[in-house]
Q: 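Got a structure here, written out as structure tokens. Questions coming.
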Amino acid sequence: VQLQASGGGLVQAGGSLRLSCAASGRTFSNNDMGWLRQTPGKEREFVAGIDWSGTRTYYAATVKGRFTISKDNAKNTMYLQMNSLKPEDTAVYYCAAKEDYCSGYWCYARNDLYDYWGQGTQVTVSS
């Protein structure tokens, strides 16, 4: 079972990137999933979450209105469209999936509720 995050890179402030999280080894079409990010010396923080069907989404206040999470169950892939990027968005971005179902913001915001993690992809936003 593997989650592979990709799409990171270097972009100027105000630019856009789209991250992808491809699952292999099993289907994640029935799993709630999320994106989290981490900078050196800080704890991993929640960015966005999406329920198994793709109908419910949740965002951290710092990215709401700029980032969009989506899920294509037919392709077993999750996405994070990031627009209007800021230098403070610079981080390693991780995708993750949960086995248990739980609704509400805090069901996605807590790191310890995720069972599967991707390897991370670096996003660097220059000013």
Side-chain angles (χ1 to χ4, degrees):
V1 177
Q2 187 174 11
L3 295 174
Q4 181 76 33
S6 62
L10 174 63
V11 64
Q12 288 189 331
S16 298
L17 282 174
R18 187 175 85 152
L19 305 184
S20 298
C21 176
S24 61
R26 53 159 282 185
T27 178
F28 282 89
S29 61
N30 295 322
N31 292 83
D32 299 341
M33 300 183 72
W35 289 96
L36 300 95
R37 67 187 181 187
Q38 189 170 24
T39 54
K42 293 187 177 181
E43 291 188 1
R44 198 168 295 184
E45 67 172 6
F46 172 70
V47 176
I50 189 166
D51 79 330
W52 67 273
S53 68
T55 56
R56 289 194 176 95
T57 57
Y58 304 88
Y59 297 93
T62 52
V63 307
K64 196 169 187 178
R66 300 187 297 122
F67 291 10
T68 302
I69 189 172
S70 61
K71 196 169 182 273
D72 187 337
N73 286 335
K75 295 182 178 180
N76 217 16
T77 301
M78 178 178 64
Y79 304 97
L80 184 68
Q81 177 66 43
M82 305 186 296
N83 298 329
S84 302
L85 282 161
K86 303 176 180 179
E88 50 264 43
D89 294 319
T90 295
V92 176
Y93 283 71
Y94 297 90
C95 60
K98 303 193 291 123
E99 287 289 359
D100 291 336
Y101 294 111
C102 174
S103 62
Y105 177 89
W106 289 108
C107 292
Y108 296 84
R110 286 174 48 187
N111 289 355
D112 62 331
L113 294 181
Y114 290 94
D115 301 289
Y116 306 98
W117 291 88
Q119 86 290 358
T121 184
Q122 175 71 47
V123 171
T124 302
V125 184
S126 63
S127 57

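Each residue takes its place number in the sequence, starting with 1.
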Q: Just do the salt bridge (Lys or Arg N to Asp or Glu O under 4.0 Å) check on Arg110 and Asp112 with the steps written out, would you?
A: CA-CA 6 Å; Arg110 286 174 48 187; Asp112 62 331; 2.7 Å; yes
Q: Val92: which other cluster members, linking ILVMFWY side chains closer than 4.5 Å, directly or transitively?
A: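 Leu36, Phe46, Tyr58, Tyr94, Tyr105, Trp106, Tyr108, Tyr114, Trp117, which link up through side-chain heavy atoms under 4.5 Å apart, make up the rest of the cluster.
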Q: Start with the C-alpha gap between Leu80 and Val47, add the side-chain angles, then the distance that decides, and say whether side chain to side chain contact (heavy atoms under 4.5 Å, CB included) holds.
A: CA-CA 10 Å; Leu80 184 68; Val47 176; 4.1 Å; yes
Q: Nearest 0.5 angstrom please: Lys98 NZ to Asp115 CG, how far?
A: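 The NZ atom of Lys98 sits 8.5 Å away from the CG atom of Asp115.
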Q: What residue among Tyr93, Trp35, Phe28 forms side chain to side chain contact (heavy atoms under 4.5 Å, CB included) with Cys21?
A: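 Result: among Tyr93, Trp35, Phe28, Trp35 is the only option passing the side chain to side chain contact (heavy atoms under 4.5 Å, CB included) with Cys21.
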Q: Using a strict cut-off of less than 4.0 Å between a Lys/Arg side-chain nitrogen and an Asp/Glu carboxylate oxygen, indicate whether Glu88 and Arg66 qualify as a salt bridge.
A: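 No salt bridge links Glu88 with Arg66.
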Q: Could you state whether Phe67 and Val11 fall into the same hydrophobic cluster, counting links through intermediate Ile, Leu, Val, Met, Phe, Trp or Tyr residues with side-chain heavy atoms under 4.5 angstrom apart?
A: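 Yes; tracing contacts between hydrophobic side chains, which count when under 4.5 Å, links both residues.
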Q: So, for Gly8 and Thr121, which heavy atoms are closest and what is the spacing to 0.1 Å?
A: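 The answer is N-OG1, 3.1 Å.
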Q: Rounded to the nearest 0.5 Å, what separation is found between the CZ atom of Arg18 and the CE atom of Met82?
A: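 Between atom CZ of Arg18 and atom CE of Met82 there are 11.5 Å.
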Q: Could you measure the distance from the CG atom of Leu85 to the OG1 atom of Thr90? Nearest 0.5 Å is fine.
A: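 Leu85 atom CG to Thr90 atom OG1 measures 8.5 Å (nearest 0.5 Å).
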Q: How close do Ile69 and Gly34 get, counting heavy atoms only, and between which atoms?
A: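 Heavy atoms of Ile69 and Gly34 come nearest at CD1-CA, 4.4 Å.
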Q: Please report the interatomic distance CD1(Ile50) to CE(Met33), rounded to the nearest 0.5 Å.
A: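 With rounding to 0.5 Å, CD1 (Ile50) is 9.0 Å from CE (Met33).
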Q: Quick one, Thr62 with Lys86, criterion side chain to side chain contact (heavy atoms under 4.5 Å, CB included). Give me CA distance, side-chain angles, the key distance, then yes/no.
A: CA-CA 10 Å; Thr62 52; Lys86 303 176 180 179; over 6 Å; no
Q: Looking only at heavy atoms, what is the nearest atom pair of Asp89 and Val63, with distance?
A: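 Shortest heavy-atom separation between Asp89 and Val63 comes out as OD1-CG1, 4.5 Å.
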Q: Show the numbers, then the answer: is there a side chain to side chain contact (heavy atoms under 4.5 Å, CB included) between Thr68 and Tyr59?
A: CA-CA 8 Å; Thr68 302; Tyr59 297 93; 3.8 Å; yes
Q: Do any N or O atoms from the side chain of Thr77 and from the backbone of Lys75 form a donor-acceptor pair under 3.5 angstrom?
A: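 Yes, the answer is positive, given that a donor and an acceptor are paired below the 3.5 Å cut-off.
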Q: Counting N and O atoms only, with roles assigned by atom type, does the side chain of Gln119 sit under 3.5 Å from a partner on the main chain of Ala5, one being a donor and the other an acceptor?
A: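 Checked: pair present.
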Q: Apply side chain to side chain contact (heavy atoms under 4.5 Å, CB included) to residues Asp72 and Tyr79 and explain how you reach the verdict.
A: CA-CA 8 Å; Asp72 187 337; Tyr79 304 97; 4.0 Å; yes
Q: Closest heavy-atom contact between Ala91 and Gln38?
A: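 In terms of heavy atoms, the two residues are closest at CB-O, 3.4 Å.
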Q: Would you say the side chains of Arg26 and Asn31 form a donor-acceptor pair under 3.5 Å?
A: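 Arg26 vs Asn31: donor-acceptor pair found between side chains.
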Q: Should Lys71 and Asp51 count as an ion pair when the cut-off is N to O under 4.0 Å?
A: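 Here Lys71 does not pair with Asp51 in a salt bridge, since their nearest N and O are not under 4.0 Å apart.
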Q: Any side-chain donor-acceptor pair under 3.5 Å between Tyr116 and Gln2?
A: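 Absent: no donor and acceptor within the cut-off.
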Q: Measuring from Arg37:CZ to Arg44:CZ, what's the distance to the nearest 0.5 Å?
A: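 Answer rounded to 0.5 Å: 13.0 Å.
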Q: Is it true that Asp32 and Arg56 make a salt bridge, defined as a side-chain N closer than 4.0 Å to a carboxylate O?
A: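 Salt bridge flag = no for Arg56 with Asp32.
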Q: Any idea which heavy atoms bring Asn73 and Ser53 closest together, and the distance?
A: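 Shortest heavy-atom contact: ND2-CA, 4.4 Å.
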